Colleague: 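Before anything else, here's the structure in question.
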Amino acid sequence: MSSAWLIRRLLVVLFLAWVVATVVFLALHVVPGDPAELLLSSGGATPDPALVEELRSRLGLDQPLLVQYGAFLVSLFHGDLGTSLIDDYPVVQEIALRLPRTLELVAAGAFLAVMAGVPAGVYAALHRGGRFDRAAASITALLLAVPVFVVGTLLVLLLAQVLRLMPAGGYVPFSQDPLRHLMLLALPAIAIAKGLAAMLFRSTRAAMLDALANDYVRTALAKGLSPLRVIVVHVLRNALNPVITVLGLQMGTLLGGTVLVEYVFNWPGLSTPLLRAVEGRDYPTVVGIVLTISVLFLLINLAVDLLQAALDPRIRA
Amino acid sequence: MRAASLRPLLRPALPVAIILLVALAAPLLPLADPVKQDVARRLAEPMAGAWLGRDEFGRDVLSRLVWGARTSLTVAFAASLAAGLIGVALGLLGGWTRHLGAALSVRCVEIIMCFPPVLLALLVVTLLGPGAATLILVLAVLYVPGFARITQAEVRSVRERDFVEAARAMGCTTARILLRTVLPNIAGPILVQFSLAVAAAVVLESGLSFLGLGVVPPAPSWGLMIRGARATMEQAPLLLVWPCLVLTFTILAMNRLCDRLRDAVDPRTASR
């Protein structure tokens with residue numbers, strides 16, 4: 001992999017991270033009206049002027065916009081996201097505690113989706129029009145239509161309430177009880193994986209059909225290679241790239257879905273403080289978490305690019 | 001799109017049309033008041049007059065389902081229309097002129113795509129507070145880049161075609177060429193984008209309402225109904241099942257229509 005290509009990709013990610021931070025900073029200021037008053041108002045009542053004044057000086061809103069922007073970027077650079085308006089707790093510490101749990105859920109969901117969607121897509125393409133292919137087409141349509149929180153809620157209803165097979169939700173640290181930890185991880189991971197698995201199935205199937213139609217497949221078979229070897233080495237390798245593109249494109253939906261899934265299953269990731277902060281109009285916490293997840297989104301897409309480049313030398317040019 | 005290519009759209013359009021009709025006709029239907037509480041009969045079983053029973057505040061579930069469709073679809077259509085108008089206007093300018101500013105403005109709205117949609121929505125809800133108006137604004141903002149992108153790409157692909165050249169040679173003004181010659185020729189992909197936006201908006205609206213950050217109670221919304229029924233899951237599991245079914249069926253019907261519409265507009269994708 002050429003280093004110039006890598007550096008260019010890294011610079012793009014840095015630039016986008018800066019753009020994302022700037023948008024989040026400006027959001028508070030493009031809203032019509034006084035931001036401090038806005039954050040304190042609820043249900044049309046005018047907030048106490050003294051409180052407004054206090055919040056204004058606390059958020060630095062009484063300073064010129066450029067000074068505020070400079071201070072915002074400097075503290076970001078130092079890894080400082082301010083403190084919560086609700087309990088004065090540093091936002092970075094809250095994120096540091098909970099981000100690993102959200103990452104674990106996202107990784108588990110993506111893993112399950114790849115493990116289910118890709119092999120199913122390969123199989124359906126190889127047996128195009130068969131019974132499995134037709135059944136899978138209906139199932140994926142259904143999986144794509146059910147919203148992620150509906151799947152989560154219905155899983156809780158079915159497995160925890162009706163069948164009483166699983167706990168309805170919660171969290172136990174892995175170090176404390178590994179088995180129970182994985183059990184509690186299973187349902188939210190399945191809920192979050194369902195849409196991605198369906199997307200991966202569709203794109204794998206389509207990409208496999210494209211790759212199978214190539215002349216080199218016929219050549220490879222004609223020269224006596226085993227069908228398994230042709231499928232794995234020649235077809236799958238070429239079909240994988242569009243699939244990985246879909247994986248990257250869908251990560252935004254997946255990251256948004258974790259917010260809902262964590263809420264449904266009481267998984268103590270970033271969702272809990274985020275939702276509390278949105279309800280309590282705790283702007284610094286919301287900004288911190290939104291920035292963290294958005295940058296995570298950018299990094300995942302960078303990883304997807306790197307993976308594609310590693311698999312396909314044509315991209316690195 | 002010729003009339004013949006519209007025929008395969010009839011069957012997938014039917015369920016969507018029924019949902020739209022029911023939502024539109026909600027005030028005319030013989031339904032109970034969707035927000036009227038009757039606490040004495042909370043969680044009542046289905047009976048004559050309340051065919052699907054009553055919810056945790058004794059409100060009529062069937063009536064809330066129908067009125068919930070109205071809420072969801074109003075928000076989704078309003079947001080998609082606003083996003084479509086702004087996005088198409090941006091895309092027309094960005095695709096037509098070779099002016100740097102126009103192309104840059106399309107690039108600028110694409111920044112919105114750097115954010116996971118739910119998170120951008122939560123950021124705006126923090127600033128403006130929950131409610132239907134906030135929802136429409138957020139969803140409109142989220143779908144502008146999609147419209148702008150697709151319109152720009154389509155305009156670029158027809159810009160140099162003979163019929164556009166002919167309109168120019170006849171002395172039509174730029175505005176007339178864009179609106180009367182270019183726009184009708186790229187209407188298909190924009191319509192597909194619109195249908196996708198509406199379907200996505202219904203999903204996101206229900207999700208935010210489910211979190212208690214979308215539609216404000218007591219207004220009926222499917223997301224809110226699922227949120228409310230979660231608490232009484234053990235006594236009345238069916239309360240949870242109805243809104244889940246209706247929401248899933250609606251999105252399924254819309255997705256199917258989107259797929260068929262895309263096939264009708266772009267026959268290349270139809271082969272699979």
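If you're wondering where the values come from, they're calculated on a predicted model, not measured in any experiment. Proteins get letters first, then strands, A, B, ... in listed order; numbering begins at 1 in each.
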Colleague: Quick one: what part of B:Ile226 sits under 4.5 Å from any heavy atom of chain A, side chain, backbone, both or neither?
Modeller: side chain
Colleague: Closest approach of B:Pro116 and A:Phe297, non-hydrogen atoms and distance?
Modeller: CD-CD2, 3.9 Å
Colleague: Given heavy-atom pairs under 4.5 angstrom as the criterion, report whether the side chain, backbone, both or neither of A:Val23 touches chain B.
Modeller: side chain
Colleague: At a 4.5 Å cut-off on heavy atoms, which part of B:Leu252 comes close to chain A: side chain, backbone, both, or neither?
Modeller: both
Colleague: Just to be sure I understand the criterion: a residue of residues 125-147 of chain B counts if one of its heavy atoms is under 4.5 Å from a heavy atom of chain A. Which ones qualify?
Modeller: B:Val125, B:Thr126, B:Leu127, B:Leu128, B:Gly129
Colleague: Of all the heavy-atom pairs spanning A:Val264 and B:Arg230, show the shortest one and how long it is.
Modeller: O-NH1, 3.4 Å
Colleague: Over 60° means perpendicular and under 30° means parallel, so tell me whether B:Phe210 and A:Phe149 are parallel, tilted or perpendicular.
Modeller: parallel
Colleague: What are the two closest heavy atoms between B:Asp259 and A:Arg202, and how far apart are they?
Modeller: OD2-NH1, 4.0 Å
Colleague: What's the shortest heavy-atom distance between A:Val20 and B:Cys114, and which atoms?
Modeller: CG2-CB, 3.8 Å
Colleague: For A:Ala120, which residues count as a side-chain contact (heavy atoms from CB on, under 4.5 Å) partner, sequence neighbours excluded?
Modeller: A:Phe132, A:Phe201
Colleague: Less than 4.5 Å to any heavy atom of chain B: does that hold for the side chain of A:Leu142, its backbone, both, or neither?
Modeller: both
Colleague: Quick check: closest heavy atoms across A:Pro147 and B:Leu247, and the distance to 0.1 Å?
Modeller: CG-CD2, 3.7 Å
Colleague: Can you name the closest pair of heavy atoms from A:Gly252 and B:Pro117 and give their distance?
Modeller: O-CD, 4.3 Å
